[in-house]
Every structure is written in C-alpha cells, then in structure tokens.
Trainee: 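The structure is given below, and queries will be raised subsequently.
This structure is a prediction, so every number in the text was calculated from the model and none was measured. Both backbone and side-chain heavy atoms feed into the values below; hydrogens, waters and symmetry mates do not.
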Amino acid sequence: MMTRYGHIASRVIAAVAFAGTAALAVALTHGPARPDQATLSSNLTGGPCAASGLRAWLGLGSGAASSDAILTLEFTNVSARTCRLYGYPQVSAYAGSPAAGTQIGSAAVRDTSVRPRPVTLTPGATAHAVLRLTGTGSFQPTACAQVTAPELRVIMPETGRGIMGARPVFVPIRFAACSRKGTAFMTVQAIQPRPGIPGFTMP
C-alpha cells in the first residue's frame with residue numbers, strides 16, 4: 001500500500017513540476033518583459049557583434065575586378081561569444097594605412113532588393129553580404145576618374161546599442177574604382193546568414 005501511494009505521490013509531484021515548467025515557459029514567451037528577463041534573453045541570444053570579434057574576407061564571386069563583378073563579403077565570428085548582425089555594412093574603396101588612409105570615391109549604395117534580417121552568429125559561424133562592382137568602363141572618364149583601389153574598408157551596421165563596428169575592418173582586393181565623388185560604382189546588400197554564393201538564393 002505504501003509503495004502504491006508512493007508511486008502516486010511521485011506522479012503528482014512530477015505533474016506539478018511539469019505544469020510549473022510549462023507555465024514558466026508560457027510566461028517567458030508571452031508575458032510582459034521584466035528587466036531580469038530582458039537580461040536573460042540578451043545573454044542567450046548574444047549582443048551586437050563588435051568589429052574586434054569579426055574577420056571580414058571575400059568569398060566566391062563572378063566577373064573580374066576590371067569589369068562588372070559580384071562578390072560576397074563574408075563575416076566570421078572569431079570571438080568566443082554568440083553575437084548578432086543586422087542591416088547593411090558600410091563599404092568603400094580605400095587606399096593607405098588604416099590610420100592615415102583615404103576613401104576613394106563614394107561609398108557603396110544600399111541594394112534594397114534583399115530585406116534586412118537579424119543574423120545570429122555563434123562562435124565560428126559566417127554570414128555574408130553581396131557586393132556588386134560596376135566596371136569603370138560603364139561611366140564617362142571625366143565622371144569616373146578611374147584609379148586602382150588596393151582594398152575595401154568595411155564598417156559594420158548600426159545597432160540598437162550604437163555603432164559597435166565603428167572601428168573598420170579592411171579587406172585586400174585590387175580593383176578599378178571611380179575616384180570622383182557621386183559616382184555609384186558599388187552596391188551592397190543587407191547581411192544574410194551563412195556563407196554566400198552569388199546567383200543563389202539562401203532558403
């Protein structure tokens with residue numbers, strides 16, 4: 001008899017514990033956010049990615065640096081924590097040292113054909129943004145003033161906590177650029193999850 005009641009009591013305790021857990025889950029999902037819950041959520045999902053924790057590099061591409069080209073800017077989380085990216089990186093052609101260099105021409109124009117979406121990067125994960133270069137031959141020589149750019153300067157997008165990527169990262173690539181301000185020879189899409197493959201749509 002005691003064994004039977006002991007089993008019943010154990011089941012009742014387990015059911016109460018499960019109900020409490022379910023109620024807690026519902027409260028965390030649908031209830032009003034409290035400061036301690038917001039902190040917990042932030043810790044679980046990670047804060048905005050800082051430039052110091054990202055490595056920027058060029059992935060697969062099509063075309064040539066002297067003509068129209070489609071490239072992917074890849075961003076790998078090299079830090080030990082999960083972080084978030086959202087929006088458009090600021091991309092410009094650049095020459096010289098990071099401390100005393102010069103931007104070449106105008107920065108890349110936003111390509112809004114892809115909607116921005118929050119991207120969560122676990123340590124070691126990679127996201128991408130598609131970068132399109134328009135060949136300088138498409139412009140009048142006086143409107144373009146072609147030069148050779150040795151690298152790209154990339155500033156990560158603005159977040160709710162300010163510009164975490166205010167310190168730029170640099171990606172080496174030699175390509176023909178327009179030095180005349182106002183000539184749009186580059187466009188960049190919003191950052192998307194996973195490594196990029198030009199011409200393919202990520203599910």
Trainee: Output the distance between atom SG (Cys178) and atom CG (Leu133), rounded to the nearest 0.5 Å.
Mentor: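 Reported value, rounded in 0.5 Å steps: 10.5 Å.
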
Trainee: Can you tell me if CZ on Arg132 sees more than 12 non-hydrogen neighbours from other groups inside 6.0 Å?
Mentor: no

Trainee: Hydrophobic clusters here meaning ILVMFWY residues chained together by side-chain heavy-atom distances under 4.5 Å, can you tell me if Leu58 and Ile104 are in one?
Mentor: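 No; tracing contacts between hydrophobic side chains, which count when under 4.5 Å, never links both residues.
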
Trainee: Minimum heavy-atom separation for Pro123 to Ser79, with atom names?
Mentor: CB-O, 3.4 Å

Trainee: Do you reckon Leu131 sits in the same ILVMFWY cluster as Ile173, going by side-chain contacts under 4.5 Å, direct or chained?
Mentor: yes

Trainee: With a 4.5 Å heavy-atom cut-off, do Arg84 and Pro118 have their side chains touching?
Mentor: no

Trainee: Examine distances only and state if a side-chain atom of Tyr94 and a backbone atom of Gly101 form a donor-acceptor pair shorter than 3.5 Å.
Mentor: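 A pair under 3.5 Å: yes.
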
Trainee: Between the main-chain N or O of Asp68 and the side-chain N or O of Thr134, is there a donor-acceptor pair closer than 3.5 Å?
Mentor: no

Trainee: Quick one: does any side-chain atom of Thr122 pair with a main-chain N or O of Ala125 as donor and acceptor, under 3.5 Å?
Mentor: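 No, Thr122 side chain to Ala125 backbone: no donor-acceptor pair under 3.5 Å.
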
Trainee: Tell me if a side-chain donor or acceptor on Asn77 pairs with a main-chain N or O of Leu121 at a distance below 3.5 Å.
Mentor: yes

Trainee: Quick check against the 3.5 Å criterion: does His128 have a side-chain atom that pairs as donor or acceptor with the backbone of Arg194?
Mentor: yes

Trainee: Please tell me if the side chains of Pro157 and Tyr88 come closer than 4.5 Å, counting only heavy atoms from C-beta onward.
Mentor: no

Trainee: Please identify which of these residues, Val91, Val169, Leu71, meets the side-chain contact (heavy atoms from CB on, under 4.5 Å) condition with Leu152.
Mentor: Val91

Trainee: Would Glu74 and Thr72 count as having a side-chain donor-acceptor pair, cut-off 3.5 Å?
Mentor: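 A pair is found: one side chain offers a donor N or O, the other an acceptor, under 3.5 Å apart.
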
Trainee: Apply side chain to side chain donor-acceptor pair (under 3.5 Å) to Glu151 and list each qualifying residue two or more places apart in sequence or on a separate chain.
Mentor: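 Partners of Glu151 by the side chain to side chain donor-acceptor pair (under 3.5 Å) criterion come out as none, since no residue qualifies.
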
Trainee: Check ring-ring contact (aromatic ring centres under 6.0 Å, His included) between Phe139 and all other residues, then give those that pass, not counting sequence neighbours.
Mentor: none

Trainee: Do you know which of Leu85, Val78, Val154 makes side-chain contact (heavy atoms from CB on, under 4.5 Å) with Leu54?
Mentor: Leu85

Trainee: Is it possible for you to say whether Phe175 and Val171 belong to one hydrophobic cluster, with membership spreading through side-chain heavy-atom contacts below 4.5 Å?
Mentor: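 Looking at the clustering, Val171 is in the same group as Phe175.
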
Trainee: Using 0.5 Å steps for rounding, measure from the OG1 atom of Thr136 to the CZ atom of Arg180.
Mentor: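 One gets 13.5 Å once the value is rounded to the nearest 0.5 Å.
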
Trainee: Of all the heavy-atom pairs spanning Pro89 and Ile191, show the shortest one and how long it is.
Mentor: CD-CG1, 3.8 Å

Trainee: Please identify each residue that fulfils side chain to side chain donor-acceptor pair (under 3.5 Å) with Thr76, with sequence neighbours left out.
Mentor: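 Listed in chain order: Trp57, Thr126.
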
Trainee: First locate atom CD of Gln189, then atom CG of Asp111, and finally report the distance between them rounded to the nearest 0.5 Å.
Mentor: 4.5 Å

Trainee: Restricting to non-hydrogen atoms, name the atom on Met186 and the atom on Ala93 that form the minimum distance, rounded to 0.1 Å.
Mentor: CE-N, 3.6 Å

Trainee: Sub-3.5 Å donor-acceptor pair from the side chain of Arg117 to the main-chain atoms of Tyr86, do we have one?
Mentor: no

Trainee: So which atom in Arg115 and which in Gln192 form the shortest heavy-atom distance, rounded to 0.1 Å?
Mentor: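 That would be O-NE2, 3.4 Å.
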
Trainee: What's the spacing between Arg110 CZ and Thr112 OG1 if we round to 0.5 Å?
Mentor: 10.0 Å

Trainee: So does Ala184 get a backbone contact from the side chain of Ser106, meaning a donor-acceptor N/O pair under 3.5 Å?
Mentor: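 Not a single qualifying donor-acceptor pair exists.
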
Trainee: Let me check something: do Val109 and Phe185 share a hydrophobic cluster, defined by ILVMFWY side-chain heavy atoms less than 4.5 Å apart, either directly or through other members?
Mentor: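 No, Val109 and Phe185 fall in different hydrophobic clusters.
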
